[in-house]
Amino acid sequence: MSAPVRSWGRVLETRQAAGDTFWIEVDCPRIAAQARPGQFVMLGTGLGDVAAPFLPRPFSIGAREADGRLGFLVRVFGAGTRRLSAVNPGDELLILGPLGRSFSLPADRPIVCLAGGVGLAPFLFVGADARLEKRDVRIVYGERTGDRVFDPELIRRITGVEPDLRTEDGSLGRRGLVIDDLDLDDQPQLLACGPDPMLRACADLALRHGLPLQVSVEEHMGCGVGTCQGCVVLSAAGEWIKSCTEGPVFDARELA
Amino acid sequence: MSAPVRSWGRVLETRQAAGDTFWIEVDCPRIAAQARPGQFVMLGTGLGDVAAPFLPRPFSIGAREADGRLGFLVRVFGAGTRRLSAVNPGDELLILGPLGRSFSLPADRPIVCLAGGVGLAPFLFVGADARLEKRDVRIVYGERTGDRVFDPELIRRITGVEPDLRTEDGSLGRRGLVIDDLDLDDQPQLLACGPDPMLRACADLALRHGLPLQVSVEEHMGCGVGTCQGCVVLSAAGEWIKSCTEGPVFDARELA
Amino acid sequence: MTDLSQHLLGASFQSPVLLASGTCGYGEEYANLIPLDEIGGLVTKAVSLEPRPGNPPHRVAETPGGMINAIGLQNVGLDRFRSEKLPWLRNNLRAARVLINVVGHSAEDYGAVVSGLDSDDGFLGYEINVSCPNVKDGTLFGVDQQALSALVAGLRALTERPLVVKLTPNVPDIGVYARICEEAGADGLSTINTFPGMLIDVEGRRPVLGNVSGGVSGPAILPMGVYLTWRAAAAVSIPVMGIGGIRSGSDALQYILAGASLVQVGTALFVDPSAPVQVQAGIAEYMERHGIARVADLVGALTIPERE
Amino acid sequence: MTDLSQHLLGASFQSPVLLASGTCGYGEEYANLIPLDEIGGLVTKAVSLEPRPGNPPHRVAETPGGMINAIGLQNVGLDRFRSEKLPWLRNNLRAARVLINVVGHSAEDYGAVVSGLDSDDGFLGYEINVSCPNVKDGTLFGVDQQALSALVAGLRALTERPLVVKLTPNVPDIGVYARICEEAGADGLSTINTFPGMLIDVEGRRPVLGNVSGGVSGPAILPMGVYLTWRAAAAVSIPVMGIGGIRSGSDALQYILAGASLVQVGTALFVDPSAPVQVQAGIAEYMERHGIARVADLVGALTIPERE
Ligand SMILES: Cc1cc2nc3c(=O)[nH]c(=O)nc-3n(C[C@H](O)[C@H](O)[C@H](O)COP(=O)(O)OP(=O)(O)OC[C@H]3O[C@@H](n4cnc5c(N)ncnc54)[C@H](O)[C@@H]3O)c2cc1C
Ligand SMILES: Cc1cc2nc3c(=O)[nH]c(=O)nc-3n(C[C@H](O)[C@H](O)[C@H](O)COP(=O)(O)OP(=O)(O)OC[C@H]3O[C@@H](n4cnc5c(N)ncnc54)[C@H](O)[C@@H]3O)c2cc1C
Ligand SMILES: Cc1cc2nc3c(=O)[nH]c(=O)nc-3n(C[C@H](O)[C@H](O)[C@H](O)COP(=O)(O)O)c2cc1C
Ligand SMILES: Cc1cc2nc3c(=O)[nH]c(=O)nc-3n(C[C@H](O)[C@H](O)[C@H](O)COP(=O)(O)O)c2cc1C
Ligand code: FES
Ligand code: FES
């Protein structure tokens with residue numbers, strides 16, 4: 001694993017990509033240089049004041065450009081993401097990264113990304129990278145309602161991939177879940193990121209079809225670098241393991 | 001006394017008026033309608049986050065325009081004033097006011113304002129009001145160094161008065177203190193606002209010349225409206241009295 | 001319409017939101033800014049037998065996420081409270097309940113204040129302050145189990161009115177103190193008072209507060225207050241008022257779910273006098289959204305996960 | 001150049017700034033981000049006799065102006081600490097001092113860890129943790145005066161290395177506990193550990209933390225930490241390490257002026273790993289500006305105003 005860097009990054013551009021979701025581009029060449037798809041950063045505002053996010057928050061790296069630019073998908077969830085989503089070009093964010101393990105993409109299989117909600121973020125980077133390497137990559141992306149759907153045009157621009165969109169209310173894309181009606185005949189490598197119940201459903205699906213699955217998990221984090229033991233998830237062996245350094249990407253079989 | 005109002009006010013304009021000092025204009029008609037020179041407001045950012053100023057900070061009303069606009073002189077002192085000084089047009093501030101007792105200006109005397117540092121703020125309002133009423137008003141304004149001097153052009157614009165400027169280092173205006181070389185032959189009403197040692201020197205001066213003096217004091221405040229007893233100063237009778245409701249303007253003889 | 005009322009201490013409160021002692025004076029000062037008669041009630045600034053001069057300034061300052069104060073219980077004393085302050089409360093508050101916060105140097109002092117007030121009109125009961133960190137003997141009763149028990153039992157004998165004891169956070173196990181109060185006859189508890197703290201003016205190398213140390217309040221102490229309220233409420237069957245750092249409906253609901261029957265809003269008043277109304281509205285919005293009919297259904301309604 | 005060094009516990013510290021236990025792991029994890037060998041030192045994550053699995057998630061969350069954690073002292077246990085963690089500290093830190101934070105369920109447990117480590121190289125001494133609020137018996141020793149005295153005296157007999165006791169904030173008078181430790185043979189004190197607290201997920205009506213309650217740290221507790229450090233330092237003549245909410249030189253100087261000989265930076269590391277370097281630089285800048293030659297000249301150099 002590469003060594004994480006602490007760096008201030010200047011916000012270059014922000015745009016609203018759905019009702020409560022923003023796409024934020026930050027100039028951060030030292031972190032961009034090392035980033036791999038599936039890795040994350042801790043994004044914060046530094047020690048200057050104590051308003052939330054006082055603790056930095058984990059965000060998947062959603063894009064990495066050759067010019068040193070990083071892209072983040074930020075959905076407003078609580079006070080911390082509300083403040084982060086409201087940054088303006090020129091503002092500085094304190095960034096620690098790249099952190100954690102990336103997806104590992106076998107050369108011999110097509111890739112199917114199963115994205116639930118903000119779980120889309122890492123797959124923007126996966127998609128863009130895989131396309132660069134001319135690999136076969138599909139992004140299946142689900143939201144509960146249409147108003148939460150991350151601007152499909154922006155997904156295409158970032159990744160070059162046409163997302164296979166599903167909403168539970170059917171208001172955009174196909175009605176249903178990301179695990180419904182998938183064509184898995186080409187024995188793809190499955191990658192999944194999203195809420196816990198969705199990850200469990202993906203694990204069932206992978207098991208049923210005998211397909212390899214890597215999942216990216218979300219747990220509250222303190223340090224992001226393995227010191228605080230704050231971010232544990234239960235391993236298949238019944239132990240608490242750190243999702244910031246052992247994960248956030250795990251082989252689904254490693255987890256309970 | 002008028003009843004204070006709680007109101008959000010939109011920042012209309014901000015400008016840097018000295019190295020560390022800003023002039024901030026806020027649209028707040030309900031408070032402007034009642035404001036009198038010498039009164040103050042509590043200026044804060046509301047309950048949304050806990051960054052300083054978490055507690056609102058007291059500021060003298062520096063100007064009041066017929067269109068409902070209030071002007072404040074904000075000098076960066078600590079974390080709270082740093083954040084307040086950095087507001088931008090369009091931002092909203094939570095304002096409680098007008099608060100406290102105003103100067104009481106006898107009709108039969110000219111008025112001499114002795115302003116030390118940010119103590120200038122209330123005299124901008126005094127000056128503007130007195131000029132409107134065609135009264136003879138002088139503003140003697142001192143700072144330690146020239147770089148701290150509030151833009152004299154702005155003082156003229158707000159008050160229509162040419163300030164009698166002094167700096168201790170002599171870099172702008174006359175070298176010396178606000179109590180030096182004053183022409184007090186016309187038996188003026190003295191008003192003073194500034195650091196404690198300056199107020200004491202003004203009290204001595206008033207006593208020596210047998211002139212009436214009103215001072216505006218500064219003490220840390222909690223509520224600004226008389227409930228918390230946080231803002232006390234020592235009265236001549238040896239009691240702790242609230243500077244937010246009994247003051248901030250006192251006859252100098254009321255204080256210890 | 002959601003019903004925010006709560007019935008306890010032999011009275012009905014139209015809402016569970018009260019103003020905390022020391023942050024709302026004797027009510028009158030906030031009358032123009034807070035619709036006092038539309039909230040649950042208020043607790044007065046502490047009343048002592050004799051007037052107290054209070055501490056030298058500075059008396060308040062901001063701390064990270066909160067504030068520190070060392071007012072020193074400055075108050076007009078029993079006699080002037082009765083003649084100057086209580087009449088306003090009596091004449092102006094119809095629906096809001098008033099508790100009088102009582103302090104003393106000795107059990108006799110406390111007793112004299114309670115006896116001196118008991119036959120007056122215009123208030124519901126007492127909040128006995130055994131937990132002020134800003135005066136020399138302020139937390140004496142709050143940390144000494146025998147003294148606390150004797151104090152509460154003594155006051156119990158003097159009044160039939162509701163007797164609420166305001167506890168200090170400053171003990172290893174607040175449940176012990178909660179039970180002592182209940183056994184000695186208290187009708188309710190208030191948790192919590194401020195945490196002892198200190199700020200230093202580094203440039204001047206002296207304490208910021210005239211009293212050297214003071215009490216920390218505000219959002220900074222919210223998680224401590226919720227915890228101590230949970231522990232106190234679990235230890236007794238008398239009602240508990242949750243206090244500490246409340247500035248939203250959701251903050252208040254944390255206390256209520258932890259076991260508080262009522263809550264008090266303090267420091268947030270200084271930040272925005274509309275805080276209690278906002279807190280009330282936040283609780284109502286939550287209840288409507290979750291289809292909860294009465295506040296009582298939320299009191300202590302916390303699910304604690306099973307541990308293997 | 002300002003001299004930041006401090007001499008105490010039989011050793012010299014190149015700066016008064018250390019990293020607090022539990023926030024810097026065993027050093028290695030931060031090696032790329034913090035110039036560990038350029039600061040005063042670090043205190044390891046707690047080491048217990050047996051490995052501890054720790055608490056279920058969530059284990060951390062933000063609180064107003066701070067954070068709450070209930071890690072549950074998850075650690076690799078004595079044996080793996082010696083074989084896997086201590087060698088890294090031994091091999092990589094030359095100038096920075098290492099204290100090992102020790103926990104146990106019983107006095108025997110504590111003793112076994114100290115005895116098990118004592119003949120190893122690579123560390124200066126022990127910080128005895130009697131104040132963890134996140135495990136069932138965590139503050140047992142911290143609040144029980146007899147047990148604390150016996151624990152410290154027992155450990156004193158086992159080692160010649162510096163023995164620092166980390167106190168809980170959760171007592172009516174920390175000075176009493178400070179003196180007990182001094183009399184039982186402690187060489188220093190650390191003040192303070194986290195405050196017990198609780199956060200509730202109002203929508204889910206359940207505690208946010210898997211362990212239900214946890215310990216509150218960060219800027220929110222700064223004024224409490226300064227106060228308790230001041231009280232502890234005044235009660236004893238052994239050195240005190242100030243801890244709680246430090247994120248700048250000025251915060252650290254508050255502790256130092258209150259009587260702390262060293263300070264520890266914890267939660268601020270998570271916000272910005274450069275925090276300890278910033279704190280160090282802030283202290284140096286202050287000393288230069290005020291013409292102060294040695295940190296020792298600032299320790300306890302607070303002027304308390306006279307009161308009539
Ligand atoms: C590895 C990883 C990658 C992530 N990538 C993204 C992303 O690309 N885009 C995006 O919008 N969100 C992402 N998240 C989730 C995001 O971190 C949370 O939404 C955010 O922390 C919530 O903070 P808040 O202050 O708005 O919420 P609050 O609920 O107010 O936060 C309170 C506390 O809970 C913690 N917390 C709450 N929810 C989460 C969560 N889901 N994960 C971690 N901590 C949480 C916060 O850190 C904070 O301490 C990711 C999470 C992880 C662990
Ligand atoms: C009636 C009145 C009118 C004022 N008018 C003006 C004005 O027009 N322009 C201007 O620039 N300043 C004015 N001040 C001073 C201004 O309120 C302080 O500079 C400001 O509160 C400092 O806050 P801070 O967070 O920057 O400083 P910090 O020192 O970081 O504040 C820490 C704490 O100390 C308190 N505090 C520190 N200094 C003062 C002070 N001098 N007065 C009150 N509280 C203080 C703050 O409220 C806060 O609680 C006035 C003060 C009073 C009492
Ligand atoms: C300025 C001030 C004065 C206070 N005075 C009293 C008092 O007289 N009696 C009392 O029991 N509590 C007093 N308190 C404590 C509050 O009632 C309350 O317990 C505490 O502030 C925590 O609540 P908060 O965080 O909402 O402010 C005072 C608090 C403040 C901030
Ligand atoms: C995540 C976390 C883990 C901690 N683990 C320990 C520990 O193992 N032993 C201990 O004595 N203190 C532990 N502490 C307490 C800190 O060492 C420190 O006393 C406290 O956090 C206050 O300092 P701060 O505000 O700078 O964080 C822990 C604190 C945090 C935030
Ligand atoms: S977040 Fe600290 S160990 Fe993972
Ligand atoms: S500031 Fe509260 S009484 Fe004056």
Side-chain angles (χ1 to χ4, degrees), chain C residues 55-56 61 63-66 68 139 142-144 168-173 195-207 210-214 216 218-231 245 247 249-251 253-255 257-258 286 290 298 301-305 307, chain D residues 55-56 61 63-66 68 139 142-144 168-173 195-207 210-214 216 218-231 245 247 249-251 253-255 257-258 286 290 298 301-305 307:
Chain C
N55 293 322
T63 65
I68 188 166
T139 51
V143 300
D144 177 334
T168 173
N170 224 23
V171 292
D173 183 355
F195 281 84
M198 181 171 181
L199 269 186
I200 292 174
D201 167 359
V202 168
E203 295 302 319
R205 274 171 239 163
R206 57 178 176 248
N211 186 53
V212 182
S213 65
V216 179
I221 68 167
L222 177 86
M224 291 81 136
V226 171
Y227 173 76
L228 292 164
T229 298
W230 178 61
R231 292 292 298 263
R247 63 189 158 123
S250 149
D251 292 344
L253 285 159
Q254 290 198 50
Y255 278 95
L257 291 168
Y286 177 92
H290 288 264
L298 288 169
L302 186 71
T303 309
I304 302 288
R307 292 284 292 275
Chain D
N55 293 322
T63 65
I68 189 165
T139 51
V143 300
D144 177 334
T168 172
N170 224 20
V171 292
D173 183 354
F195 281 84
M198 181 172 182
L199 268 187
I200 292 173
D201 168 359
V202 168
E203 295 302 318
R205 275 172 238 163
R206 56 176 177 249
N211 186 51
V212 182
S213 66
V216 179
I221 68 168
L222 178 85
M224 290 82 136
V226 171
Y227 172 75
L228 292 164
T229 298
W230 178 61
R231 291 291 298 265
R247 63 188 158 124
S250 150
D251 292 344
L253 285 160
Q254 289 199 50
Y255 277 94
L257 291 168
Y286 177 93
H290 289 264
L298 288 170
L302 186 69
T303 309
I304 302 288
R307 289 287 291 275

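Order of the sequence lines sets the chain letters (A, B, ...), proteins ahead of strands, with each chain counted from 1.
Note on C:Thr63, C:Leu253, C:Leu257, C:Leu199: by heavy-atom pairs under 4.5 Å with chain D, the leading option is C:Leu257. Put simply, of D:Leu302, D:Ile304, D:Thr229, D:Leu222, the one with the most heavy-atom pairs under 4.5 Å next to chain C is D:Leu302. No other option in C:Gly65, C:Gly218, C:Pro169, C:Gly197 has as many heavy-atom pairs under 4.5 Å with chain D as C:Gly197. When each of C:Gly225, C:Pro207, C:Ala258 is checked for heavy-atom pairs under 4.5 Å with chain D, C:Pro207 comes out on top. Among D:Gly245, D:Gly66, D:Pro172, D:Pro219, the residue with the largest count of heavy-atom pairs under 4.5 Å with chain C is D:Pro172. Of all the listed residues (C:His290, C:Arg206, C:Arg205), the one sharing the greatest number of non-hydrogen pairs under 4.5 Å with chain D is C:Arg205.
Here the CD1-CE distance, from C:Ile221 to D:Met224, works out to 6.5 Å after rounding to the nearest 0.5 Å. Atom CD1 of C:Ile200 sits about 10.5 Å away from atom OG1 of D:Thr303, to the nearest 0.5 Å. Distance check, rounded to the nearest 0.5 Å: CG of D:Leu228 to CG of C:Asn170 gives 7.5 Å.
When side chains are defined from C-beta on, D:Met198 does not count as touching C:Gln254, because their heavy atoms never get closer than 4.5 Å. Residues D:Pro64 and C:Arg247 meet the side-chain proximity criterion, which asks for heavy atoms closer than 4.5 Å.
Between D:Val212 and C:Trp230, the shortest heavy-atom contact is CG1-CH2, 3.6 Å. Shown here for D:Val202 and C:Ser250, the closest heavy-atom pair between the two residues is CG2-O, 3.5 Å.
Heavy atoms closer than 4.5 Å to chain D are found in the side chain of C:Tyr286, but not in its backbone.
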